[in-house]
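Below is one structure, written out as structure tokens; comments come after it.
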There are 4 protein chains.
Amino acid sequence: MLEQISTSKSEILDAAAHCFMTLGVESASVDDIAAQLGSTKGRIYHHFPSKGALLATVQLRAAGFTYRAVEGLIDANLPAVKSLDRMARGHIYEVLNSLAYHKVILQTYTAGTQAKKMSRVEMDLQEQIRTGHRQYEMLFRTEVARGISEGSFQDRNLTAAVAGLLLVLNSPVFWFRPERGASQEFIDTIARDISSMALASLRA
Amino acid sequence: MLEQISTSKSEILDAAAHCFMTLGVESASVDDIAAQLGSTKGRIYHHFPSKGALLATVQLRAAGFTYRAVEGLIDANLPAVKSLDRMARGHIYEVLNSLAYHKVILQTYTAGTQAKKMSRVEMDLQEQIRTGHRQYEMLFRTEVARGISEGSFQDRNLTAAVAGLLLVLNSPVFWFRPERGASQEFIDTIARDISSMALASLRA
Amino acid sequence: MLEQISTSKSEILDAAAHCFMTLGVESASVDDIAAQLGSTKGRIYHHFPSKGALLATVQLRAAGFTYRAVEGLIDANLPAVKSLDRMARGHIYEVLNSLAYHKVILQTYTAGTQAKKMSRVEMDLQEQIRTGHRQYEMLFRTEVARGISEGSFQDRNLTAAVAGLLLVLNSPVFWFRPERGASQEFIDTIARDISSMALASLRA
Amino acid sequence: MLEQISTSKSEILDAAAHCFMTLGVESASVDDIAAQLGSTKGRIYHHFPSKGALLATVQLRAAGFTYRAVEGLIDANLPAVKSLDRMARGHIYEVLNSLAYHKVILQTYTAGTQAKKMSRVEMDLQEQIRTGHRQYEMLFRTEVARGISEGSFQDRNLTAAVAGLLLVLNSPVFWFRPERGASQEFIDTIARDISSMALASLRA
DNA sequence: AATGAATGAGGTTTCATTCAT
DNA sequence: GATGAATGAAACCTCATTCAT
């Protein structure tokens, strides 16, 4: 899961994420991404077999970012509410930090469901993405379940509860504008408030 | 603001909303919409000057749906929590009822912000949409503010609180599948639970 | 040749000439002409079977304008140079007077030669136009020939000489801007100078 | 101003000029040009951003042809009449030599003036064209002015005189048919006669 | 590793024309 | 006499992709 990625590839992924974010996944052309890179399409096609594969790799990377950021924050010795608060804030910081990537994920979530034809490579990547997403969700699922059994949270359908939780944690993706130059203080406030709202929605 | 819309135009809007929802706003072609209508592109272009204008009109309609549904449910005589609960449920019912339209709104929210070139007409429509959105948000903002002053809600940044609230209320758009034939009972459960979670997230 | 034309038809022809002039024959759409008229395409198609027929009728009218204006100015009793000067000025005044129509003629002259398929009606009209044009040219041809035999003009190929003469007489069509509001005095100057240059080019 | 143009680009320009000439600027489709090239539209759009830009480049090239041909023929040591005669003949030879290009120029001169919406690139090219045209006109303007001061030409409005002069020099564009295989002798005759007529029209 | 030329499929849009009313 | 809806052909343009270098 932690593939080594070359500098050139990494640059391409950053440029792609930026373009997908600013122009939209569908509107951004491979030429746009090349222009952002300051080179030509050829470079991109040398490293990625198709636009779809490039997109999928961006999504995979985004998933990896939050997974690695949150994984280490889980603390089974703390009450679930405390542990989840750490995770929630970690998630939010990471989202704000690699916003372009997470905007891309969001778009693919909301886009049409009726799949267009995909190559084999793209289907494999999509499967990896789904697996990663399930694993990430499981991190939260476990802690929410613990919170319920500890009596801190209302005993609701786990799937719905976790979905709602993650939705709120991702909410800055909808409205945060990094180009306006947010202060660290502002970011801290956001992380604290959103985490607090998200946990409040679960409370008994 | 409540323009009369001809039957033919209305049919086109429904078909467009359906296609935008199932295929995605960008992927759905004008031909797809025409096929859904069982007629030709020409019919669409006779009534709408561009795909962008058609999309904007769909969005405007979606906004009108929830506005009209919720507007009448506000009750300033009730405690804010009660009034907001009525509004929240009304919103959810309307969203589930005209799901295609709201899926479209969601997509345009998450897509790229860096405008591609728009015609005059499209810019005017976008301005109308923004205005309508602000007005709708204001309905909730007022009641949330009242709830805070009544002491029922935590005193948080209003903008963030309302944004979070509406996001949760719109969450079914992400996962609800009407094609699976939801029972009225199920719909009632959804409306109740989501409304409850949304209000819980605001509570002091 | 002097068909009676109804008021409605005449209005349509004026609107068409105006649009053809300002937008170009190809760029001007039937809708543009209808808009200029303040009515809809239907009105145009009620009176003219096709855009091509409408164009041809405009051209025919333009030809008629100059023919009728110049015809009566010929004076076989005067020296050819004098007679031609009267004709030349008459032509220029008429061109400036119905500029839109003459701009249209010019465009069809310069456009591509490889005909697109024409309906029967259009071919008939085109034939009428060619006939009219030949007749009009003949008016000048006769007088130029007389001028040569009188020794006032250089003995050159008649066709080339008349073509050159008419080209110069039509030259204001290329650059005259009626919207700048030319004074009668300016118009008189133009008519005199151009006529003088045109005749000078023939002189022995 | 003398940009180097690749072979492929040059081929495209020739094909475009040919199609614009034979079919008319508006009637000729990009597909027609591609067919003339024996390749696909894609090739054209790889080199030129739009049909308008392609057209403008053709015009620019045409302007360059005559400018370079005539520039070196000016001889301030000769009487203006002689110098202008050299220029006039040079212009005519060049026009006959690159007739397709000059037919295109003519068409754009006579077409509608009310601009349809143009991209930035096209507007820049149009500006270059206008500048080039003014410079070319200036070459003749200077010599005509000299001719007037030398007493060889009638003292008329310079703008009108030069416009008339150039119109006559361009007149073969209206009627010359290269496909009929003109002999060198015929071409020489044309150049001599037209030059003589054009200068005659200026004479005192 | 990267470029630049070229392709072809598919997209949006325009527009002359027909037709029921 | 005139309108408004609808059509279908054809236009311009975009863009993911391939390939020779």
Side-chain angles (χ1 to χ4, degrees), chain A residues 6-9 12 26-34 37-55 116 119, chain B residues 6-9 11-12 26-34 37-54 116 119, chain C residues 6-9 12 26-34 37-55 116 119, chain D residues 6-9 11-12 26-34 37-54 116 119:
Chain A
S6 71
T7 310
S8 185
K9 245 179 165 164
I12 294 172
E26 300 275 344
S27 296
S29 72
V30 178
D31 269 315
D32 288 329
I33 298 169
L37 273 169
S39 56
T40 62
K41 283 189 284 232
R43 181 173 166 199
I44 294 169
Y45 277 99
H46 186 73
H47 291 282
F48 298 91
S50 70
K51 183 184 173 184
L54 178 54
L55 169 59
K116 48 175 66 173
S119 74
Chain B
S6 72
T7 310
S8 183
K9 245 179 166 162
E11 271 177 29
I12 294 173
E26 300 277 344
S27 298
S29 72
V30 179
D31 267 318
D32 289 330
I33 299 169
L37 274 169
S39 56
T40 64
K41 280 189 285 237
R43 179 173 166 197
I44 294 169
Y45 278 99
H46 179 66
H47 291 282
F48 298 92
S50 70
K51 184 184 173 184
L54 177 55
K116 48 172 65 172
S119 72
Chain C
S6 71
T7 310
S8 185
K9 244 179 166 163
I12 294 172
E26 300 276 343
S27 297
S29 70
V30 179
D31 270 315
D32 289 329
I33 299 168
L37 273 169
S39 56
T40 62
K41 283 190 283 230
R43 181 173 165 197
I44 294 168
Y45 277 97
H46 187 73
H47 290 282
F48 297 92
S50 71
K51 184 184 172 184
L54 177 55
L55 169 59
K116 48 174 66 173
S119 72
Chain D
S6 72
T7 311
S8 183
K9 244 178 167 163
E11 270 177 30
I12 294 172
E26 300 276 344
S27 298
S29 72
V30 178
D31 269 316
D32 288 331
I33 298 169
L37 275 169
S39 56
T40 63
K41 276 189 291 240
R43 179 173 168 200
I44 295 169
Y45 279 101
H46 180 66
H47 291 282
F48 298 93
S50 68
K51 184 185 172 183
L54 177 55
K116 49 173 62 174
S119 73

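For the numbers below, each heavy atom of this structure counts, side chains included, while hydrogens, waters and symmetry mates do not. The structure presented is a predicted model; accordingly, all values stated were derived computationally and were not measured. Throughout, protein chains are lettered first and strands after them, A, B, ... in sequence-line order, and every chain is numbered starting at 1.
Atom C1' of nucleotide dA6(E) and atom CZ of R43(D) are separated by 9 Å, given to the nearest angstrom. Going from atom CG of L37(C) over to atom C1' of dG1(F) covers 14 Å, rounded to whole Å. Rounded to whole Å, the distance from CG on L54(D) to P on dA11(F) is 16 Å. Atom CZ of F48(D) is separated from atom P of dC12(F) by 15 Å (rounded to the nearest Å). Computed from coordinates, the K9(A) NZ to dA2(E) C1' distance equals 16 Å when rounded to whole Å.
Across E26(A) and K51(A), no two heavy atoms sit closer than the pair O-NZ, 3.6 Å. Closest approach of K41(C) to A34(C), counting heavy atoms only: N-CB, 3.5 Å. Listed here is the closest heavy atom pair of H47(D) and R43(D): CD2-O, 3.2 Å. Summarising the geometry of F48(D) relative to K9(D), their closest heavy-atom pair is CZ-CG, 3.7 Å, with the distance given to 0.1 Å.
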Item checked: Protein-to-nucleotide contact annotation, 5' to 3' order, nucleotides 15-21 of chain E [B base; S sugar-phosphate only; - none; under 4.0 Å, heavy atom] -> SSBB---

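The side chain of S8(D) lies closest to dA6(E) when the candidates are dA2(F), dA6(E), dA5(F). Distances from the side chain of T40(D) to the nucleotides dT7(E), dA2(E), dG8(F) place dT7(E) closest.
With rounding to the nearest 0.5 Å, the separation of CD1 in I44(D) from CG in D31(D) is 8.0 Å. Note that OG of S8(B) and NE2 of H46(B) are 8.0 Å apart. Values are rounded to the nearest 0.5 Å.
Taking T40(A) as the reference, nothing meets the side chain to side chain contact (heavy atoms under 4.5 Å, CB included) condition, with sequence neighbours excluded.
Between T7(B) and E11(B), the closest side-chain pair of non-hydrogen atoms falls below 4.5 Å. Contact of the L54(A) side chain with the I33(A) side chain is registered, since non-hydrogen atoms from C-beta on lie closer than 4.5 Å.
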Checklist line | Intra- and interstrand pairs of DNA chain F - dot-bracket, Watson-Crick/G-U under 3.5 Å, | marks other strand | finding: .||||||||||||||||||||

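In terms of position along DNA chain E, the nucleotide closest to H46(A) lies nearer the 5' end than the nucleotide closest to the other residue of the pair I12(D) and H46(A).
One finds no side-chain N or O of H47(D) lying less than 4.0 angstrom from the OP1 or OP2 phosphate oxygen of dG4(E).
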